[in-house]
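Remember, predicted model here, so these are calculated numbers, not experimental data. The chains referred to below are lettered A, B, ... by the order of the sequence lines, with proteins before strands, and numbering in each begins at 1.
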Amino acid sequence: MTTPVRVRFAPSPTGYPHVGNIRTAMFNWLLARHSGGKLILRIEDTDVARKVEGAVKAIMEGLNWLGIDWDEGPDVGGDYGPYYQSERLELYKKAAERLIEQGDAYYCYCSPERLEEMRAGQVKRKEPPGYDRLCRDLTRDECARREAEGIKPVVRFKTPLEGQTGYNDVIWGNVVVNNSTLDDFVLLKSDGYPTYHLANVVDDHAMEISHVIRAEEWISSTPRHLLLYRALGFEPPRFVHHPMILGPDRAKLSKRHGAVSILDYRDMGYLPQTMLNFLALIGWSLDDKTEMMSKQELIDNFSLERIGKTGAIFNREKLDWMNGVYIRKLTADEFFDAVQPYLMDDLDAGKVLISDEEYVRAVLPLVQERARTLVEVVELTRFFFTEDLSYDSALLIGKNMDKAATFEALEAAQEDLGKLVVLQESATRETLPAFDADSLEGVLRPLAPELDLKTGQLFSVLRVAVTGRTAAPPLFDTMAVLGRERCMQRIAAALKRL
RNA sequence: GCCCCCAUCGUCUAGAGGACUAGGACAGCGGCCUUUCAAGCCGUCAACAGGGAUUCGAAUUCCCUUGGGGGCACCA
């Protein structure tokens, strides 16, 4: 294969950027980047009725988020434009006319009602549904007569009645079908817009596409496309049909399975590098053990040959795990930048972020290895940013302790912590911060045996008092970041609760 | 209903006739570490859908069955 790689992602702007579609874009992009080829973004807006405002923008946003860039497209231009199919109508019309002249296509005047009736009959008689070719051999006069009645025809392809059509799929090998199982599909709709089949073939040829990489659901319409390539005298590209992403019930992943827009995953706090890595691993693998791969590693190692054939379930648990791994890999600055927008969405955290960024930067390292999503970070850090610690007072009572013992422990801690500060302040003017984790540990650890408690018991009482939770980042670090004032206040508040 | 396709642990997968006692990862379970929660480390459970055939030898090739999926629009 010496022709340069030119691949395309051709979404139709009929909705949100579905993860399945984005993954298709990714495979195309990976091949382009791996082989030094080009990725073309082409918008297939030929369905006027289903067109959704803002869909193109959302698709681009999703791609951008993942770092999937394209070389030609509606926004960046290119030598093969325009890149909206709605702006290429003339091309399709010409192709259709040519096919009619050649005798490979014909006008069909059947009404939607008739077609529906016909199909209903076929289903009833347990026949395979398909156009009955009523208009296939209409004479010029018969056409003119219907034309005169004001009927707007569609153009249908004159599918050969016999023979076979096959091709060699990069992933599936030889795919052959009997032409008799194919009906005379529509090329041009009555509104003048092309169907997917026509537009695709015309554009993929015009744009010199080398590989058509798309989902498995297209496999059965590929023979039709081949027939079109042949009739038009075009050299067909290589076809690569990849398996689909399935929902937990093994059906094609769809809205009813929950989040399916790539932007939903962004909003739920997944990192783009996680999504890219994870999506690549659905239906593709490098070897028997490599799983964590950066964008560059994916590009370097990608190959069509390693795409599998089996549909794969989208496994949220593994996604969560992988996101946790990527979160932990972030530097402090990267983590801060990544989390910022999510913190901003929270009233309390947002306020603090604006007024005291340094405090936020001190808090974040404490939760970085504990969070699996960026949204989780907000939850995990909540007690750092609010003074309203609403918790069940019963949580304060330590294991095997009663109210009195808990009270005693808190009071003792309060006193010692107070001493600690005084001590540090009066003793020389050391640069030691008065309330750092080490000093706190130095004071609190010995306190436990004095109270006849296990360290765990004392610490858990303090943890609840200071964070309002039984599970939190390490106590001393947490207290140090919270600062002396907040800690003393919260301990006092806890004493009052008892 | 018709056409096409697929089939390894619960899930994602490695495997292209002998290297398979079937490997890795997530999840689960157990343990270590430990002030909690995580993280980390160690260990453990767990699969070739079934049946034939070919072969000295089959997860790997062929056939059938079963199960699953996709397609069958003036949607893409």
Side-chain angles (χ1 to χ4, degrees), chain A residues 10-14 21 44-47 49-50 108 110-112 115-116 119 122-131 152-156 172 175-178 180-183 185-197 199-200 214-221 223 241 243-244 246 248-252 278 281-292 306 308-322 324-325 328 367-372 380 441 444-445 448 454-464 467 469-476 478:
Chain A
S12 75
T14 52
N21 294 133
E44 312 221 322
D45 55 344
T46 56
D47 188 341
R50 290 202 310 157
C108 167
C110 293
S111 66
L115 293 174
E116 205 170 303
R119 260 189 295 272
Q122 287 165 335
V123 171
K124 212 164 155 191
R125 276 172 272 128
K126 296 190 193 283
E127 287 168 13
Y131 182 56
K152 285 241 179 293
V154 301
V155 174
R156 283 184 187 273
W172 302 80
V175 178
V176 183
V177 301
N178 289 320
S180 59
T181 64
L182 271 24
D183 74 344
F185 54 98
V186 173
L187 261 21
L188 221 50
K189 307 180 220 175
S190 55
D191 62 2
Y193 277 73
T195 59
Y196 171 86
H197 307 297
N200 228 259
R214 58 178 25 163
E216 184 191 341
E217 56 189 319
W218 292 108
I219 213 161
S220 57
S221 44
H241 289 97
M244 297 187 302
L246 276 24
D249 60 354
R250 293 217 148 264
K252 187 153 88 166
F278 183 74
L281 253 23
I282 300 181
W284 178 85
S285 66
L286 173 58
D287 54 30
D288 57 343
K289 40 192 59 124
T290 314
E291 294 203 302
M292 301 299 293
R306 292 202 63 85
K309 288 184 181 177
T310 332
I313 294 174
F314 189 92
N315 184 198
R316 267 296 274 283
E317 280 168 338
K318 188 149 186 178
L319 210 216
D320 282 344
W321 163 78
M322 187 174 277
V325 174
R328 273 171 252 131
V367 297
Q368 186 167 358
E369 75 169 23
R370 272 160 255 270
R372 291 157 84 82
L380 253 22
E441 181 159 16
L444 293 173
R445 201 173 278 283
K454 292 189 168 174
T455 49
Q457 289 177 299
L458 205 218
F459 296 168
S460 89
V461 171
L462 275 170
R463 179 174 302 111
V464 174
T467 69
R469 317 180 166 193
T470 53
L475 183 61
F476 310 124
T478 301

If I pick the [atom1] atom on [M] and the same atom on [N], what distance separates them, to the nearest angstrom?
N: B:A47; M: B:G52; atom1: C1'; answer: 22 Å
N: B:C9; M: B:A46; atom1: P; answer: 14 Å
N: B:A16; M: B:C26; atom1: P; answer: 24 Å
N: B:U34; M: B:G15; atom1: C1'; answer: 41 Å
N: B:C56; M: B:A49; atom1: P; answer: 25 Å
N: B:A7; M: B:A14; atom1: P; answer: 11 Å
N: B:G51; M: B:G69; atom1: P; answer: 24 Å

Under 4.0 Å from OP1 or OP2 of [N]: is there any side-chain N or O of [X] that close?
X: A:Arg372; N: B:C37; answer: no
X: A:Lys318; N: B:U13; answer: no
X: A:Arg469; N: B:U35; answer: no

Between protein and nucleotides 17-23 of chain B, what N or O pairs are separated by less than 3.5 Å?
residue: B:G23; atom: N2; partner: A:Asp288; partner atom: O; Å: 3.1

Applying a 4.0 Å non-hydrogen cut-off, can you work out what [X] is touching in the nucleic acid: base, sugar-phosphate, or nothing?
X: A:Glu291; result: base
X: A:Phe278; result: nothing
X: A:Pro473; result: base
X: A:Ala472; result: base
X: A:Leu475; result: base
X: A:Gly283; result: sugar-phosphate
X: A:Pro474; result: base
X: A:Lys252; result: sugar-phosphate

I want to verify a distance call: between [options], whose nearest atom is closest to the [X] side chain?
X: A:Ser285; options: B:U35, B:U13, B:C5; result: B:U13
X: A:Arg250; options: B:A27, B:U11, B:U35; result: B:U11
X: A:Ser220; options: B:G71, B:C6, B:A39; result: B:G71

Does A:Lys454 have more than 12 heavy atoms from other residues, nucleotides or ligands lying within 6.0 Å of its NZ?
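It does not: A:Lys454 NZ has 12 such atoms or fewer within range.
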Worked verdict on A:Phe278 versus A:Trp321 for ring-ring contact (aromatic ring centres under 6.0 Å, His included): CA-CA 10 Å; A:Phe278 183 74; A:Trp321 163 78; 9.6 Å; no
Complement of [N], any strand, by Watson-Crick or G-U distances under 3.5 angstrom:
N: B:G18; answer: B:C56
N: B:U66; answer: B:A7
N: B:C41; answer: B:G31
N: B:G1; answer: B:C72

Measure across [X] and [Y] and return the closest heavy-atom pair with its distance rounded to 0.1 Å.
X: A:Met244; Y: A:Ala215; answer: CG-CB, 4.1 Å
X: A:Arg469; Y: A:Arg463; answer: O-CG, 3.5 Å
X: A:Arg372; Y: A:Asp320; answer: NH2-CB, 3.6 Å
X: A:Pro473; Y: A:Val367; answer: CG-CG1, 4.1 Å

What protein N or O atoms touch nucleotides 74-76 of chain B N or O atoms at under 3.5 angstrom, if any, and at what distances?
residue: B:C74; atom: OP2; partner: A:Arg156; partner atom: NH2; Å: 3.4
residue: B:C74; atom: O2; partner: A:Ser190; partner atom: N; Å: 2.8
residue: B:C74; atom: O2; partner: A:Ser190; partner atom: OG; Å: 2.7
residue: B:C74; atom: N3; partner: A:Ser190; partner atom: OG; Å: 3.0
residue: B:C74; atom: N4; partner: A:Cys110; partner atom: O; Å: 3.4
residue: B:C75; atom: OP2; partner: A:Lys189; partner atom: NZ; Å: 3.0
residue: B:C75; atom: O2'; partner: A:Asp47; partner atom: OD2; Å: 2.7
residue: B:C75; atom: O2'; partner: A:Arg50; partner atom: NE; Å: 3.4
residue: B:C75; atom: O2'; partner: A:Arg50; partner atom: NH2; Å: 2.9
residue: B:C75; atom: O2; partner: A:Arg50; partner atom: NH2; Å: 3.4
residue: B:A76; atom: OP1; partner: A:Thr46; partner atom: OG1; Å: 2.9
residue: B:A76; atom: OP1; partner: A:Lys189; partner atom: NZ; Å: 2.5
residue: B:A76; atom: OP2; partner: A:Tyr196; partner atom: N; Å: 3.1
residue: B:A76; atom: O3'; partner: A:Glu44; partner atom: OE1; Å: 3.1
residue: B:A76; atom: O2'; partner: A:Ser12; partner atom: OG; Å: 3.2

Decide yes or no on side-chain contact (heavy atoms from CB on, under 4.5 Å) for A:Leu187 and A:Arg156, but give the supporting numbers first. CA-CA 5 Å; A:Leu187 261 21; A:Arg156 283 184 187 273; over 6 Å; no
Interatomic distance where [atom1] belongs to [X] and [atom2] belongs to [N] [whole Å]:
X: A:Asn315; N: B:C9; atom1: CG; atom2: C1'; answer: 13 Å
X: A:Ile313; N: B:A27; atom1: CD1; atom2: P; answer: 17 Å
X: A:Trp321; N: B:G28; atom1: CH2; atom2: P; answer: 13 Å
X: A:Met322; N: B:C26; atom1: CE; atom2: P; answer: 10 Å
X: A:Met292; N: B:G24; atom1: CE; atom2: P; answer: 19 Å
X: A:Gln122; N: B:A73; atom1: CD; atom2: C1'; answer: 12 Å
X: A:Asp320; N: B:A25; atom1: CG; atom2: P; answer: 19 Å
X: A:Leu246; N: B:U11; atom1: CG; atom2: C1'; answer: 12 Å

- Item | Earlier contact from the 5' end, RNA chain B, for A:Arg306 and A:Met244 |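 Whichever sits nearer the 5' end wins; that is A:Arg306.
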Closest-nucleotide mapping onto RNA chain B: is A:Ile282 or A:Lys126 further toward the 5' terminus? I mean the 5' end.
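Result: A:Lys126.
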Q.
The test is side-chain contact (heavy atoms from CB on, under 4.5 Å); show your working for A:Phe314 and A:Leu319 and say whether it passes.
A. CA-CA 9 Å; A:Phe314 189 92; A:Leu319 210 216; 4.2 Å; yes
| message | Less than 4.0 angstrom from a charged side-chain N to a carboxylate O is my criterion; do A:Arg119 and A:Glu127 meet it? | response |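 Answer for the salt bridge query: no.
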message = In terms of relative ring orientation, are A:Phe459 and A:Phe476 parallel, tilted or perpendicular, with 30° and 60° separating the classes?
response =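 Rings of A:Phe459 and A:Phe476: perpendicular, as their planes differ by over 60°.
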Quiz item: Is any side-chain heavy atom of A:Pro243 closer than 4.5 Å to a side-chain heavy atom of A:Glu216?
Solution: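 Side chain of A:Pro243 against side chain of A:Glu216, heavy atoms only: contact under 4.5 Å found.
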Subject >> side-chain contact (heavy atoms from CB on, under 4.5 Å) assessment of A:Val154 paired with A:Leu188 >> reply: CA-CA 6 Å; A:Val154 301; A:Leu188 221 50; over 6 Å; no
Could you walk me through whether A:Thr290 and A:Asp287 pass side-chain hydrogen bond (donor to acceptor under 3.5 Å, both in side chains), step by step? CA-CA 6 Å; A:Thr290 314; A:Asp287 54 30; 2.7 Å; yes
